[in-house]
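Read through the structure below, which is laid out as structure tokens, and then see the notes.
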2 protein chains.
Amino acid sequence: MQLFRSVLNEVAVSKGQFLLKPGTVVKHEYFVVKGCLKAYYQDAKGNRHIIQFAIENWWIGDFDAFLNQIPSKLYIEAIEDAELLSIHYDNLQKIYNEAPIFNRYFRILTTKAFIAQQKRILSTLEKNTKDRYIEFCTSYPNIELRVANYDIANYLGVTPENLSRVRKTFKG
Amino acid sequence: MQLFRSVLNEVAVSKGQFLLKPGTVVKHEYFVVKGCLKAYYQDAKGNRHIIQFAIENWWIGDFDAFLNQIPSKLYIEAIEDAELLSIHYDNLQKIYNEAPIFNRYFRILTTKAFIAQQKRILSTLEKNTKDRYIEFCTSYPNIELRVANYDIANYLGVTPENLSRVRKTFKG
DNA sequence: TATCTTAATTGATATAGGTCAATAGGATTG
DNA sequence: CAATCCTATTGACCTATATCAATTAAGATA
């Protein structure tokens, strides 16, 4: 645990700042101590698709680019001023070698993230926009107060206009 | 590696047979040696939603139910006669303890599965049905010859009718 | 081969959601 | 306070996909 702490670095970003932009070879993953961030992909048409929101106690990064040490395709941007802990790729490899138990920690972490994503996929397959919005709000409590409407729409895969209309149907 | 082999069991299932049904506490995960299977969720309306196809060299299981040792919500069904290797939950825990390096193996395996799912989510957010069908066929080569049309539709989250029409638009 | 069963296709229509344009709030800045 | 800039909402219309029903095709079984 001391070893782990020794390789974590404190990072502060303010709202609107980027932790990562496409094309960068990704050297860090980030743990959110405070604040809120989004990871998104911008396609050829300029549409943004939110892969992940990260709030307190979540990890965020481009796991594909990080694992395979290839250039990223994602943006990671702070939606609120945020405090993070970062871990460098080389240090993480060092930790895996020196304290293999961390493989277990990250194995379980990754499995949980995998399961969460699977739920998201199922939700998309099964439910309509309204129900997915409600599910989203309950699984990320109070997130709708911290995140712009259009970002939630981009997460759910609908337009902001449609989400706005959908929200009207169950507010009073 | 010998330890690993010693806890794997050979399982054969024929087309149409189930490896898993909802309500079961999941004791096994499966590695596909030969054949093809599907994992799906059936919702309250009776609609089926395919979470995963598994072909040769893939792992399949209900990872949520397995990790947390809770009753499954999924069906896993063979769509071809299949040969599998199964590993029992208790044996996997034993392996993690006796040969912690397996944490590393499964950490990387899970990370790759996570990344594959992330691509599926992105694909759903970005692309229309036609492009997703094409992407599906290229990422699971020749799968369209092994899997029923309605199963592919259930994987993509569209109706079989619609998928049928979409396919017409680029065949000659 | 004839029959039965299941899957795929086609047609007609309905609906959810997208697109584009306009307007209205809120917040921020000079 | 006014001006500006975003964001959210609303309206009118359009498109992709769903739904339901009928038909055809393909596979399995006797």
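What you see is a predicted model, and the numbers here were worked out from it, not measured in a lab. All values below were derived from every heavy atom in this structure, side-chain atoms included, with hydrogens, water molecules and symmetry-related copies excluded. Chain letters run A, B, ... following the sequence lines, proteins first and then strands; every chain starts at 1.
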Completion exercise
Atom CG of A:Asp151 and atom C1' of D:dA8 are separated, to the nearest Å, by 13 Å
Handout entry: Passing option when B:Glu80 is tested against B:Lys38, B:Arg146, B:Lys34 for salt bridge (charged side-chain N to carboxylate O under 4.0 Å, His left out)
Key = B:Arg146
Practice task
Round to the nearest Å and state the distance from A:Tyr150 atom OH to D:dC6 atom P.
Solution key: 10 Å
Problem - Whole angstrom value for the distance that separates P of D:dG27 from CG of B:Leu145 - result: 12 Å
Handout entry: A:Thr169 side chain to A:Arg165 backbone, donor-acceptor under 3.5 Å
Key = no
Problem - Between C1' of D:dT17 and CG of B:Asn47, the distance in whole Å - result: 14 Å
Handout entry: Non-neighbouring partners of B:Lys27 that pass salt bridge (Lys or Arg N to Asp or Glu O under 4.0 Å), sequence neighbours left out
Key = none
Handout entry: Any donor-acceptor pair under 3.5 Å from B:Asp151 side chain to B:Ala148 backbone
Key = no
Practice task
Specify the separation, in whole Å, of atom OH of B:Tyr133 and atom C1' of D:dT17.
Solution key: 18 Å
Handout entry: Those residues that, when tested against B:Lys127, pass salt bridge (Lys or Arg N to Asp or Glu O under 4.0 Å) (two or more places apart)
Key = B:Glu135
Completion exercise
Once base and sugar-phosphate atoms are separated, protein heavy atoms under 4.0 Å mark nucleotides 11-30 of chain C, 5' to 3', with B, S and - as BB----SSBB----------
Handout entry: Mutual orientation of the aromatic rings belonging to B:Phe102 and B:Tyr105 [parallel < 30°, tilted 30-60°, perpendicular > 60°]
Key = perpendicular
Problem - B:Glu144 CD to C:dA7 C1', straight-line distance once rounded to whole Å - result: 17 Å
Exercise for the section: Could you tell me the separation between the NZ atom of B:Lys45 and the P atom of D:dC20, rounded to a whole number of Å? Expected result: 11 Å
Handout entry: End axis versus end axis in the helix from C:dT1-D:dA30 to C:dG30-D:dC1, the angle rounded to 10°, five pairs used at each terminus
Key = 40°
Practice task
Under the salt bridge (Lys or Arg N to Asp or Glu O under 4.0 Å) rule, collect the residues that match up with B:Glu83, sequence neighbours excluded.
Solution key: none
Problem - B:His49: ring pair (Phe, Tyr, Trp, His ring centres under 6.0 Å) partners, not counting sequence neighbours - result: none
